[in-house]
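Accompanying notes for the structure given below.
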Amino acid sequence: EQNEVTVRVPMNIALVKYWGKRDEQLILPLNDSISLTVDKLTAETTVRMIEGVGKNTVEINGKNVELSSNKRYQTVFDEALRLQRKRKEISDSNGNSTSISHYFQVISTTNFPVAAGLASSAAGFAAIALGIQRLLNLDDSQANRLARIGSGSACRSMFGGLVHWKKGEKEDGSDCVAVKTCDSNWPDLYCIILVFNDGRKKVGSSEGMRRTSETSTLLQHRIESIVPQRIDEIKKAYSSRNFENLAKVIMADSNQFHAVCLDTSPPIRYLNDASWHLIELVEKFNEEEGIRAAYTFDAGPNACVILQKKDAKQFIDLVLKTIDIPEDDLKLAGEELSETFRP
Ligand code: DP6
């Protein structure tokens, strides 16, 4: 049996955001979400499954992760071993139930800054799930579940292009899956990531979601009346290559997500002055010759700007001229943009 595999898995950026859980253990979301997979921003990950008794270890960009302070890894490893035992039981016709113990070693390297908090957990857990899928010969829905119980948004990184994560209705989560939703990708779409990290201690996604679902009165309205429509609009705009409509929904949903965070008690503020500066810049850019760029922000101040290849250079130049950002950071984004920052 093969016991080591190396995979490369991309991050994804939500166009309609996931925020709130209906089950915290199984990580089942309160609403559907939809994302673009950013092909070139990846976590390259080696997963080893070793026979015997030993401690699980996870290393990200050369640093050991303290597993006692992040129990999601343990959850994923436990689930993997459960699936492995299940498989063994089926294949062992003698009814032989002696189980050999195993432990995992994970070594992951990302080609984007983890410190920036850019959905790095999504790529990381998706990579672990894909690695374990290969090692144990799991089917896609088992792998999807493995990614999801590591971090919800990770299950959307298991495919390329536009990915729809359905919340499902069932309590066991069996109908809660991510699926690739448009056959043909939109190769002209670019994504520029601007790092505005300000070192503030942010409220983590899990804690934030819990707080919002307990206290926000806007959230229910969003879940019931807004999100389903937006998912449809994104799919329509994407499949008909209607950038203007796509951009409108992306920005509206980012803004609503942050509004719901403010509607939380105590309120959560993820955006900072630099984020707002960027929002104003994009709005101004879009006033000039029609809507050509869309901003979106997750649980932090860093911006992701989605635009078409033809407009990328003009936008980067404008940012460089206007926003006070260490030139090196932006140069990196600008240089890599031509090939790397492409969803
Ligand atoms: C704002 O997937 O990080 O980025 O499931 O608790 O691990 P957990 O949360 P996580 O939440 C991501 C929230 C978001 C929006 C999104 O990616 O859809």
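When a ligand or atom number is given, it counts from 1 through the structure's own listing order.
- Enclosure of atom CG in Asp172 by more than 12 non-hydrogen atoms of other residues, nucleotides or ligands within 6.0 angstrom is indicated.
- Annotation: ligand 1 has protein neighbours Ala14, Lys17, Tyr18, Trp19, Lys21, Ile27, Arg72, Ser151, Gly152, Ser153, Arg156, Ser205, Ser206, Met209, Phe257, Asp298, Ala299, each with a heavy atom less than 4.0 angstrom from the ligand.
- Heavy-atom neighbours of Lys310 NZ from other residues, nucleotides or ligands within 6.0 Å: above the threshold of 12.
- Residue Glu171 qualifies as open at atom CD: its count of foreign heavy atoms under 6.0 Å is 12 or below.
- Judged as a side chain to side chain donor-acceptor pair (under 3.5 Å), and not counting sequence neighbours, the contacts of Asp311 are Arg292.
- For Ser254, there are no side chain to side chain donor-acceptor pair (under 3.5 Å) partners at least two apart in sequence or on another chain.
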Return all side-chain donor-acceptor pairs below 3.5 angstrom for residues 159-166, not counting sequence neighbours, or 'none' if the list is empty.
residue, atom, partner, partner atom, Å
His164, ND1, Lys235, NZ, 2.9
His164, NE2, Asp32, OD2, 2.8

